[in-house]
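Model, not experiment: these values are computed from the prediction.
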Amino acid sequence: MQYQESNSSRGNHRTTRVKRRSSCSDSLERVVKLASLSAVVIFSSSSCCMCHAMKMLFCELGVNPTVYELDHDPNGKSMEKALSKLLGNSPAIPVVFIGGELIGSMDRVMASHISGSLVPLLKEVGALWL
C-alpha cells in the first residue's frame, strides 16, 4: 500500500457562508484530483476498522492501493464532508475510487467483489495483472 500524506494549507478560513462553500468545492476538487492519480485510491482513517478491512481486501487481491488517511491530513475533515456529499450523505469513509471513478463505500465494494465484477474492473484499470 502506498500511504499519502498531503501537506497543503490554504491560510485562514473565515466562517462566512461564501468561504464555506468555496472550501467545500475546493475539497471536492482535491478529492477528485487525488482519486485520479492512481488506479486504486482509498480515502480512509487510520483508526477505522472498516477502513482497515477495505485496505486488507485490496492487498489480499494483490492490489497496491494508494491510501489517503484523512485523519493525518490538515484538510481531512473538509475532504470527508465532500466525500459524504458524493455518497449521498452516508458515512464518508472508507471510500474507494478505481480508475478515477467513484465505486463507493464498503457495501458497494463488497457487493462488487461478491458478484465477481471487482476483479475484472481492477484488471481493466491496470491494478491487477492476473
Side-chain angles (χ1 to χ4, degrees):
M1 275 182 274
Q2 298 172 335
Y3 286 89
Q4 301 290 324
E5 289 194 31
S6 304
N7 296 323
S8 77
S9 61
R10 299 191 182 252
N12 293 334
H13 290 286
R14 301 207 184 262
T15 57
T16 63
R17 195 172 206 109
V18 174
K19 291 290 183 183
R20 283 184 189 157
R21 279 192 205 139
S22 74
S23 175
C24 184
S25 67
D26 288 347
S27 295
L28 183 57
E29 288 175 21
R30 186 162 180 243
V31 164
V32 170
K33 181 180 179 185
L34 293 173
S36 68
L37 295 177
S38 297
V40 178
V41 175
I42 301 173
F43 290 94
S44 174
S45 175
S46 60
S47 62
C48 169
C49 63
M50 296 302 280
C51 297
H52 176 73
M54 180 77 75
K55 293 180 272 191
M56 292 309 299
L57 170 67
F58 283 100
C59 287
E60 288 175 7
L61 290 172
V63 174
N64 187 21
T66 298
V67 177
Y68 293 98
E69 300 289 5
L70 297 182
D71 57 330
H72 294 182
D73 188 302
N75 296 318
K77 285 289 183 195
S78 60
M79 290 172 63
E80 193 170 338
K81 287 178 185 175
L83 287 165
S84 181
K85 286 185 180 184
L86 276 176
L87 295 171
N89 292 323
S90 66
I93 54 172
V95 176
V96 174
F97 288 79
I98 298 177
E101 297 293 321
L102 173 66
I103 300 303
S105 57
M106 186 69 155
D107 58 340
R108 293 285 312 271
V109 173
M110 290 306 295
S112 297
H113 181 52
I114 291 168
S115 72
S117 62
L118 182 60
V119 169
L121 181 58
L122 293 168
K123 288 179 181 178
E124 183 181 313
V125 300
L128 193 61
W129 295 276
L130 298 176

*Taking atom CG of L128 and atom CZ of F58, what is their separation to the nearest 0.5 Å?*
10.5 Å
*Please lay out, stage by stage, how V95 and L86 fare under the test side-chain contact (heavy atoms from CB on, under 4.5 Å).*
CA-CA 10 Å; V95 176; L86 276 176; over 6 Å; no
*Take Y68 and V41, measure what side-chain contact (heavy atoms from CB on, under 4.5 Å) needs, and give me the verdict at the end.*
CA-CA 8 Å; Y68 293 98; V41 175; 3.6 Å; yes
_Over all atoms of both residues, closest heavy-atom pair of A39 and A127_ = CB-CB, 3.9 Å
*Smallest separation among heavy atoms of H72 and S46, with atom names*: NE2-OG, 3.4 Å
Just list the side-chain donor-acceptor pairs under 3.5 Å for residues 98-110, sequence neighbours left out, or say none.
| from | atom 1 | to | atom 2 | distance (Å) |
| --- | --- | --- | --- | --- |
| S105 | OG | D107 | OD1 | 2.9 |

*Hey, could you give me the CG/CD1 distance between L57 and I42, rounded to the nearest 0.5 Å?*
8.0 Å
*For the pair L83 and F97, evaluate side-chain contact (heavy atoms from CB on, under 4.5 Å) and give the outcome as yes or no after the intermediate values.*
CA-CA 11 Å; L83 287 165; F97 288 79; 3.9 Å; yes
*Minimal non-hydrogen separation, S115 against S117, with atom names*: OG-OG, 3.2 Å
_Reported NZ-to-CG distance for the pair K85 and L28, which is rounded to 0.5 angstrom_ = 9.0 Å
_Nearest 0.5 angstrom please: K123 NZ to L61 CG, how far?_
10.5 Å
*State, yes or no, whether a side-chain contact exists between S44 and M54 at a heavy-atom distance under 4.5 Å.*
no
_Return the CE to SG distance between M56 and C49, rounded to the nearest 0.5 Å._
14.0 Å
*Distance-minimising heavy-atom pair for N75 and S78*: O-OG, 2.9 Å
